[in-house]
Trainee: 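Before I ask anything, here is the structure I am working with.
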Amino acid sequence: MIVAKDVEWDSVEVQFRAGVRPLRAIAGDFDITEAAIRQRAKKHGWVRNPASLKRERVNAQLAAGSQEASQETSQRVACEVDREVQADVEDMERGVRVNRLILEKIEEDLPKAKGFKTYKAAAEASKTAIENIRRIRGLDAPMDLGAMTDEQLAALAKGKAPA
């Protein structure tokens, strides 16, 4: 006879719906198989798509019946997504700090440098550090003009950053 494990399926559902961690990691945390999570998700209609979180919240509020349970699950999913977003922000800030330290060190050591190769290496390292900072901050990300509002396009036309 197989004994069912005591699994916190609510917590599994929250992490599954948040979609920020691999299924294998979630399964490892709860000592279950990925297949068990997939089966449970299919059986209960869990959707693994953080982009649809807003739509899910709206639908949960409009749905009759277990409205409170749906809202609680949505809030827990949002909290999980928020935690992962915060971790990403911290990683990005750390990356910016490290690249700025590299630039400062290059600037500090450059007057002592001798030879073309040293200057070239410093220039390449500076360029890479600057590119990293710009990439982390999203300064070189292409703009999606089709998704912008009229106000944002007007600000862009005036040479201002769209809000």
Trainee: Just wondering, do Trp46 and Val14 contact through their side chains at under 4.5 Å, heavy atoms?
Mentor: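 The answer is no, as the side chains (C-beta and beyond) never meet within the 4.5 Å cut-off.
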Trainee: Less than 4.0 angstrom from a charged side-chain N to a carboxylate O is my criterion; do Lys105 and Glu108 meet it?
Mentor: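 The answer is yes: the pair qualifies as a salt bridge.
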Trainee: Of the non-hydrogen atoms in Leu23 and Phe16, which two are nearest, and what is the gap between them?
Mentor: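 Taking Leu23 first and Phe16 second, the nearest heavy atoms are CD1-CD1, 3.6 Å.
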Trainee: If you round to the nearest 0.5 Å, how far is CD of Gln15 from CZ of Arg21?
Mentor: 5.0 Å
Trainee: Would a 4.5 Å heavy-atom cut-off, applied to side chains only, mark Gln39 and Lys43 as touching?
Mentor: no
Trainee: Would a single hydrophobic cluster contain both Ile26 and Val7, if residues Ile, Leu, Val, Met, Phe, Trp and Tyr are joined by side-chain heavy-atom contacts under 4.5 Å?
Mentor: yes
Trainee: Please indicate whether Lys112 has more than 12 foreign heavy atoms, meaning atoms of other residues, nucleotides or ligands, lying under 6.0 Å from its NZ.
Mentor: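 Result for NZ/Lys112: enclosed.
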Trainee: To the nearest 0.5 Å, what is the distance between CG on Asp109 and CD on Glu104?
Mentor: 11.5 Å
Trainee: Can you measure from CG (Asp31) to CG (Asp6) and round to the nearest 0.5 angstrom?
Mentor: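 Taking CG in Asp31 and CG in Asp6, the distance rounds to 12.0 Å.
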Trainee: Could you give the distance from CD1 (Ile37) to CD1 (Ile32), rounded to the nearest 0.5 Å?
Mentor: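 Taking CD1 in Ile37 and CD1 in Ile32, the distance rounds to 4.0 Å.
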Trainee: Does a sphere of radius 6.0 Å around CD in Glu8 hold more than 12 heavy atoms from other residues, nucleotides or ligands, not counting ones at 6.0 Å or beyond?
Mentor: no
Trainee: With Ile133, which of Arg97, Arg100, Met92 fulfils side-chain contact (heavy atoms from CB on, under 4.5 Å)?
Mentor: Arg100
Trainee: Other residues, nucleotides and ligands only: do more than 12 of their heavy atoms fall within 6.0 Å of CD on Glu107?
Mentor: no
Trainee: If you compare all heavy atoms of Glu34 against all heavy atoms of Ala27, which two are closest, and at what distance to 0.1 Å?
Mentor: N-CB, 3.8 Å
Trainee: What distance separates Asn132 CG from Asn99 CG, expressed to the nearest 0.5 Å?
Mentor: 4.5 Å
Trainee: So which atom in Thr118 and which in Ala113 form the shortest heavy-atom distance, rounded to 0.1 Å?
Mentor: CG2-CB, 3.3 Å
Trainee: Does Leu110 sit in a hydrophobic cluster with other residues, and if so which ones, taking ILVMFWY side chains as linked at heavy-atom separations under 4.5 Å, directly or through other members?
Mentor: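 Noted: Leu110 shares its cluster with Tyr119.
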Trainee: Do Glu124 and Lys120 sit within salt-bridge range, that is, some charged N less than 4.0 Å from a carboxylate O?
Mentor: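 Not counted as a salt bridge, because no side-chain N and carboxylate O are separated by less than 4.0 Å.
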Trainee: Run Glu90 and Arg94 through salt bridge (Lys or Arg N to Asp or Glu O under 4.0 Å) and show every step you take.
Mentor: CA-CA 6 Å; Glu90 289 169 5; Arg94 186 177 304 113; 5.0 Å; no
Trainee: Once rounded to the nearest 0.5 Å, what's the spacing between atom CD1 of Ile106 and atom OG1 of Thr128?
Mentor: 8.5 Å
Trainee: When you measure from the centre of the six-membered ring of Trp9, is the NZ or CZ of Arg40 closer than 6.0 Å and no more than 45° off the axis?
Mentor: yes
